[in-house]
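A short write-up of the structure that comes next.
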Amino acid sequence: MTESSTETIEQYVAADGVTRLDLHVCAPVRRPRAAVLLFHGGGWMKGAPSMLLPHARRLADAGILAASSAYRLVGSGALSPADCLADAARADRTFRKIAADAGLDRIAIGGGSAGAQLALALAMPPSGDQPSAYDGLVLLNPAVDMCCGRGLLAALSRRLVGLTPEAARDASPLHHVRPGAPRSLVLHGTRDRIVPLRLVREFQQAMTVAGNDCDLVEFEGAGHGFFLPRPEGNPAFDRTAELILKFLLTPTAGSEGAGQIDDGKYPA
């Protein structure tokens, strides 16, 4: 970390009531201007908070309270993505307390791939469930549709994670879009073979039809996980961090200065 931010590892108790999980918190030295909680990807079966920690650090250096959270993985403490979601809800409650102590009463939430699905499931759960309120959603190649036989991640999750058709639909944010959802920023590669771009475009269209603010920025020629840092450097990491920062610092819809997020395509 730089002198403009600090990094700590907090812990929270998973939904099983026993397992302790890490919440990596990156905080600006001065009072933060916004807060965001991120969940890593990995198909609910692998991955770690370290995947999105570089984004959290970059955001903290720019004045954002940012955290990258662990959750139990399927096959390693979790029986299904529903257990991952139950842990994500506990991480959410823990981070909200941290944000409140820093003087912030609302947070944004997001993640990459399966982690983005967890964020969406908290904000837009299946009908009948009470959604949580957020300042915004930050979605990096999000897994939006686990049913209907579309996309490699959907097929693998149903086979490897063991989702029934009903559970697959419940885990599919595309099928639970409703009015009043948080404003959203979606960053996706045009050559993503894990989560096809067409599904994310359908998600954006559904959000728009429902009257929700949803910006989709496409990265030309980029595949799944295009936003992760690389030892040799990755311009897409820099660009996604820049767009996320701008999104978090943009006023909510309906206020002066809203709607200024860049749209369109960017080279990978």
Side-chain angles (χ1 to χ4, degrees), residues 1 5-12 14 21-28 32-44 46-73 81 84-85 87-99 102 104 106-124 132-144 173 182-188 195 217 224-229 234 236-249:
M1 304 296 290
S5 59
T6 62
E7 183 178 330
T8 59
I9 299 178
E10 307 292 337
Q11 287 195 323
Y12 72 95
L21 297 168
D22 289 341
L23 182 68
H24 295 252
V25 181
C26 301
R33 295 183 284 171
V36 62
L37 172 62
L38 301 172
F39 296 104
H40 66 82
W44 305 277
K46 59 182 180 179
S50 57
M51 296 173 70
L52 289 176
L53 192 53
H55 279 87
R57 289 169 174 160
R58 181 72 65 87
L59 293 171
D61 285 345
I64 305 296
L65 176 65
S68 182
S69 181
Y71 50 89
R72 287 174 299 153
L73 302 174
C84 304
L85 178 59
D87 289 350
R90 291 206 169 196
D92 178 284
R93 289 195 293 271
T94 300
F95 185 63
R96 283 178 186 271
K97 293 178 182 178
I98 295 171
L104 301 172
R106 298 279 305 270
I107 68 170
I109 196 170
S113 193
Q117 181 272 334
L118 296 178
L120 280 165
L122 290 175
M124 296 188 301
S132 297
Y134 298 100
D135 272 345
L137 290 167
V138 175
L139 309 170
L140 299 152
N141 50 231
V144 295
R183 64 195 182 102
S184 304
L185 173 65
V186 185
L187 307 176
H188 208 86
V195 179
V217 180
H224 204 67
F226 69 96
F227 54 87
L228 297 173
N234 180 9
F237 163 74
D238 297 324
R239 185 58 179 154
T240 54
E242 176 186 347
L243 288 169
I244 293 170
L245 176 63
K246 187 173 183 179
F247 174 77
L248 294 174
L249 296 181

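Heavy atoms only: backbone and side chains are in, while hydrogens, waters and symmetry mates are out. The chain is numbered in sequence order, starting from 1.
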Rounded to the nearest 0.5 Å, how far does [atom2] of [Y] lie from [atom1] of [X]?
| X | Y | atom1 | atom2 | result |
| --- | --- | --- | --- | --- |
| S113 | F39 | OG | CZ | 14.5 Å |
| D92 | L118 | CG | CG | 11.5 Å |
| L139 | L120 | CG | CG | 4.5 Å |
| I107 | Y134 | CD1 | OH | 5.5 Å |
| L122 | I109 | CG | CD1 | 4.5 Å |
| C26 | I64 | SG | CD1 | 12.0 Å |

Close side-chain approach of [X] and [Y], heavy atoms under 4.5 Å:
| X | Y | answer |
| --- | --- | --- |
| Y12 | R93 | no |
| R57 | S5 | no |
| S132 | R96 | yes |
| S69 | F95 | no |

Testing V36, L249, L38, V138 one by one against I244 for a side chain to side chain contact (heavy atoms under 4.5 Å, CB included), which residue passes?
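Considering V36, L249, L38, V138, a side chain to side chain contact (heavy atoms under 4.5 Å, CB included) with I244 is found only for V138.
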Residue among D22, V25, L52 satisfying side chain to side chain contact (heavy atoms under 4.5 Å, CB included) with S68
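By the side chain to side chain contact (heavy atoms under 4.5 Å, CB included) criterion, S68 pairs with just one of D22, V25, L52: L52.
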Looking at [X] and [Y], what are the two nearest heavy atoms and their distance?
| X | Y | value |
| --- | --- | --- |
| P54 | S50 | CD-O, 3.2 Å |
| P173 | M124 | O-CE, 4.5 Å |
| G225 | N141 | N-OD1, 2.9 Å |
| G112 | F227 | CA-CZ, 4.1 Å |
| A34 | L248 | CB-O, 3.9 Å |
| G42 | A114 | N-CB, 4.5 Å |

Check whether D87 reaches the backbone of A14 with its side chain - one donor and one acceptor, N or O, closer than 3.5 Å.
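Not confirmed, D87 side chain does not pair with A14 backbone.
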Are the side chain of R58 and the backbone N or O of L245 linked by a donor-acceptor pair below 3.5 Å?
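Here the side-chain-to-backbone pair does not exist.
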Any cation-pi pair here, R239 with F226, using under 6.0 Å and within 45°?
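Geometry flag: not set, cation outside 6.0 Å or 45°.
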Below 30° counts as parallel, above 60° as perpendicular, anything between as tilted: where do the rings of Y71 and H40 land?
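The rings of Y71 and H40 lie parallel, inter-plane angle below 30°.
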Please test V195 against H188 for side chain to side chain contact (heavy atoms under 4.5 Å, CB included), starting from the C-alpha separation and ending with a verdict.
CA-CA 9 Å; V195 179; H188 208 86; 3.8 Å; yes
Which residues satisfy the salt bridge (Lys or Arg N to Asp or Glu O under 4.0 Å) test with R106, sequence neighbours excluded?
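R106 satisfies salt bridge (Lys or Arg N to Asp or Glu O under 4.0 Å) with D135 only.
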